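To start, the structure under review is shown below, and the notes come after it.
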Amino acid sequence: MEALRKKIPLTLPQNTVKIIRIIAALLLLALVIVRAIDVAAESQFGADTWLRLSVSGLIIGGMYALIAIGYTLVYGILFMINFAHGEVMMIGTFGGYFVFEAFNAIQVTAADGSQMSFLNANPVIAVFLAFLAGMTIAALSGYFLEKIAYRPLRGAPRLVPLISAIGASIFLQNAGQLLFGPQRRQYINPVVLDRGIGWHVELAGSTVVLTYTGIFSLVLSAILMVGLYVLVQRTKLGRAMRAVAQDKKTAALMGINVDQIISRTFVISGALAGAAGVMWGIHNGLFNYFVGFLPGIKAFTAAVLGGIGNIPGAMLGGMFLGIVESLGPAVLGIDFQLKDVIAFSILILVLIFRPSGILGEALSEEKV
Amino acid sequence: MKMVLEARQVSKIFGGLVAVNKVDLIVPEGSIASIIGPNGAGKTTLFNCISGFYTPEIGDVLFNGRKIQGMLTDKVAAMGIARTYQNIRLFKNMSAVENVMVGFEPHLKHGWMTAMLKTPDYQKEQKYVINEASRLLHYVGLAGLGDNLALNLPYGAQRRLEIARALANQPKLLLLDEPTAGMNPQETDEMKDFICHIRDDLGITIILIEHDMRVVMNISDQISVLDYGQKIAEGNPKEIQANPRVIEAYLGPGAAALSEKYRREKTHDA
Amino acid sequence: MNKQSLQKSAGSGLVFGIIVIFLALIGFTVVFSGLIQKVLGQSLGVGQIPSISNFFIFLGFLGIWNGWRASRQDKHETLTLAKVLMRAAVAGLSAGVLVMLYGFVVGGLDARGTDMRKYLSMLSSDSIKFFLFNQSLVLGGLIHVGFSTLMALVGGLLAFGSERSQQQVRTNRTKIQKWSQSTWLGKVQGNPYVTYVLMGIVLLLLVLLPRTWGAYWNYVMGTVGIYVLLGLGLNIIVGLSGQLVLGYVAFFAIGAYTFALTTSPEPHNLVWNFWIALAVSVVAAALSGILIGLPILRLRGDYLAIVTLGFGEIIRILLKSDILKDFTMGPRGVRNIAGPTLFGRSFTSDVDFMYLIILAVLLSIFLAKRWQESSIGRAWLAISQDETVAQATGVDTQKYKLLALSLGAAFAGLGGALFASRNQFTGPEDHALMVSINVLVLVIVGGMGSIPGVVLGAFTLKGLPEILRELESYRLLVFGALLVVMMIIRPEGLWPARRPKLEVPVGQDNEPVPLPATAGGEK
């Protein structure tokens, strides 16, 4: 008995571990704050820079949020990381691009009799159709992705669909490269949505341009998010989706066609990612087949940050990540090259100190 | 008599739900104690508190006089509490004998270095573990099935394998969570005898969650009845059978009076 | 003839049409026809369009497959000739018509002089003409329809024939199995000497091949060897202990950079002995495994995956950034890394280095096997299957998870050091996320938890694409598709792990069985 007792090392009660963790978190937070105050005291950046950075953070955060919702929806239902989701966004970007290209090629006579491209003559229709095309083709690719690469794997061990998703991601990326070439392309925006122009805000003696493309993206992503929230909370489809996410078996017993709901979830996720892709193109301009990769990973990070499986969490996580990425280097006074380091560090810290994410509830043992 | 387990005022709360409410459970060495109660009464939750899965919010769990709440489950297992699960949880893609060998883990001394070098001590230890695991398999009646994957074993064999794995822990206290669930009457009888054997042969104290009253009333030295997280009765099988609160808990309010009436009629008839 | 089955055939035909169109769009039709031409022994210059006959062979295979698939819709039905032909014809026709329509569109645009390469980079005028068999628009399209239908009919007939002979094949197979077991083949299978002889042959090949097959193959096979090392390590982490780590490249990078910084004149002017640096790299990687592992022990599954992915990316970005420039040379990478020396003699030639890698691989396989078959390996497996229960069974899960991480990382450290030493260079882009994913994929394709699987997986993943150099730009595409297909048809991997036979017989006959001596006893 004595020997046995010796073998068992002293284990700290769980409360102590918790307290240590909280203290460590507070210490870290204090360090960050001290550093931030330090940097602020140097006042390297004026108010204009802060505004510019915050706005660009919000814009990119909106796109992250839209993609993150796709990850979260799929994860909530299938408990799998849809690794190819970033590629779905890439497909959406190309969809919008080709609509713009086509409209740019069509010449029409404007009301004042001058020749101009359809794109500039009817920018509202053009933008609407570009989003429609981008979202539709992304939704379709989401649908077929699920049908071909994931559905046959229902019920397989968890790593299997993940590998399939990685395979699909590699396939789509390379298909994109082979079809459209590796070169970077430039989105041709209608003149009213030109990337240089916007509202001018005078601040601290300098001008901050709030670009129309940025504000447009931000507003549109907000609208789409609200729309999705209403869809999930208020409609019959949303109810079915939530039911399937809770318990597939019981949902099936209640007469819900689980396969169909999963398909539709992929369609909705795809459409949102497609919208984000078109926004990305309109706002940033340059893109190629690789455009979906980093936003995809970042958006997944955002989804985990917010608590994966939780839709408001994904929105919040996306916005949060966008802002942190944009403001972080300035706040901490480090190189902007390191913005991804900040993003990933935040992710790691959040998961270490709060494993279920910001808004997530503790997942049951069976789920994790 | 020496008490193996003393749980005092154990309470476990999930959100607003009090799953186990101030339960006392004292189990003397070498006895078979049963916990019964309707579904959702908190029996498995109590098990989880004893085996270290949960830390009770209030109360103490003492094993051989040492507090064990808040300990990690592997440390609890190393101290001598082993358990089985209501829904069988084996290492499905490992062979049966490997499942049992994992059970010896807390008492092994090997490390990555000795395993790499295959020191004589290490080899001796491995040989001992394989032999003992095979013997345990034989003991629970699975001789010759050891090289099958656990998931390929029939249901009853899986239950026995779970017990063998628990015994490999060399426990002093064995917690069995519904060992006869899903068995036919013959298998149930075998399991009943087997549980007695474990106690008698190996001197292991056993706590049992069980729904089959024939098993419970037959082999228990002591029965505790839980309902809505509270212990409503405790005693030997005779006392429990006669306890009106127990009958009420199982059959609903008014049932006690009915059963009393029924018994009187029966004696009257006789 | 029921309508539903014909609709199904038409649907499957359309899918095939889409596949053909997709292959044409990405230029695969031309490249693969060229490959066929080369395989058939005819020469083909670079950039030259292959001859049309090879395109027919290519289309023929696809068409036969189309007909085969369309005609066998239900495993349980009995096929009649009429049914088969009807279905195959419908499938072939629908595929052909779709392809014809595509031909009309691109052919028409091409005839008008539109250059489509601006949008679809592979769609040159030559390749469009090739697609239409160098015929006119209408004739080319019609040839597509006719050929597709014809080949689908052939495929249908083949399916019909194979269905008939299936029973025959099955009995033959069991006959062959029985025969092989009864004759010398069966004896060979269980004979340990056969294993020794086979191992001897492999060893002999390993000694002879690096001398004979030249620098290029030494390079390719060296890469395969390094990936075997990485695979063995990740196999311990993912395959055995079940921790889904997506940032494995972090350990690879730590090994490579530790080695690089201790043996390169720049930036620290540390020129340590090769072997000391190698050992230090391995230890550094193992320690980093523990350091990274400690805070994330509580995380499971996908959370662990994304956190480790984050770690990997952080390390790569830090290496690439300017803030560590003085320490790690930033994006330029570290150059002039030393090669191996032994007793003052340098042996950096490709042959010598290949031997070094072979040695490292053999040693690693030996070690990985030892650990996997020990009780440590069993504890890992138990954790991977049910961590909660493993812990409640007395397995110190935290210790074992950390052990898996650090041992797995050590293999990556060894791989990284060898990689840096062989290339005499290492830079941040050698350590991108794709390395982690490649290694994970090779472990899974080979078969999780299986050491021969790792070796096979490394050959498939790193060796095969080198052999199929023709298809260079398509190899990742094919690779991605293969992953999906493989997960659907063979998720357990090419060479799945098997559990060893361990049980020893006890209590023969009526001999009373002694009770387990230790159970319940005081210890």
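In this text the structure is predicted, and so the values were computed from the model without any measurement. Naming convention: chains lettered A, B, ... in sequence-line order (proteins, then strands); numbering from 1 in each chain.
Atom CD of Q385(C) sits about 10.0 Å away from atom CG of L90(B), to the nearest 0.5 Å. With rounding to the nearest 0.5 Å, the separation of CZ in F91(B) from OG1 in T393(C) is 4.0 Å.
Chosen from E125(B), K92(B), R83(B), Q126(B), the residue pairing most often with chain C at heavy-atom distances under 4.5 Å is Q126(B). Taking chain C as the reference chain and counting heavy-atom pairs below 4.5 Å, the highest number among A77(B), S134(B), G146(B), A143(B) is found for S134(B). Of the residues considered (A133(B), G144(B), A166(B)), G144(B) shows the highest number of contacts with chain C, using heavy-atom pairs under 4.5 Å.
In this structure the side chain of V389(C) reaches within 4.5 angstrom of the side chain of R165(B), judged on heavy atoms.
Of the atoms belonging to N93(B), heavy atoms from both backbone and side chain fall under 4.5 Å from chain C. Residue A390(C) touches chain B through both its backbone and its side chain, counting heavy-atom pairs closer than 4.5 Å. Using a 4.5 Å cut-off between heavy atoms, L117(B) touches chain C through its backbone atoms (N, CA, C, O) alone. Using a 4.5 Å cut-off between heavy atoms, L403(C) touches chain B through its side chain atoms alone. In this structure, the portion of L367(C) lying under 4.5 Å from any heavy atom of chain B is its side chain and not its backbone. For chain C, the nearby part of L142(B) is the backbone; its heavy atoms alone come within less than 4.5 Å. Using a 4.5 Å cut-off between heavy atoms, L145(B) touches chain C through its backbone atoms (N, CA, C, O) alone.
Of all heavy-atom pairs spanning E105(B) and A379(C), the tightest one is OE1-CB, 4.1 Å. Between A115(B) and W371(C), the closest heavy-atom pair is CB-CD1, 4.2 Å. The heavy-atom pair separating D74(B) from D396(C) by the smallest distance is OD2-CA, 3.3 Å. The two residues R370(C) and M116(B) have their closest heavy-atom pair at NH1-O, 2.7 Å. Closest approach of I376(C) and W112(B) over heavy atoms only: CD1-CA, 3.4 Å.
With 3.5 Å as the limit, one finds a donor-acceptor pair spanning the side chains of S375(C) and H110(B).
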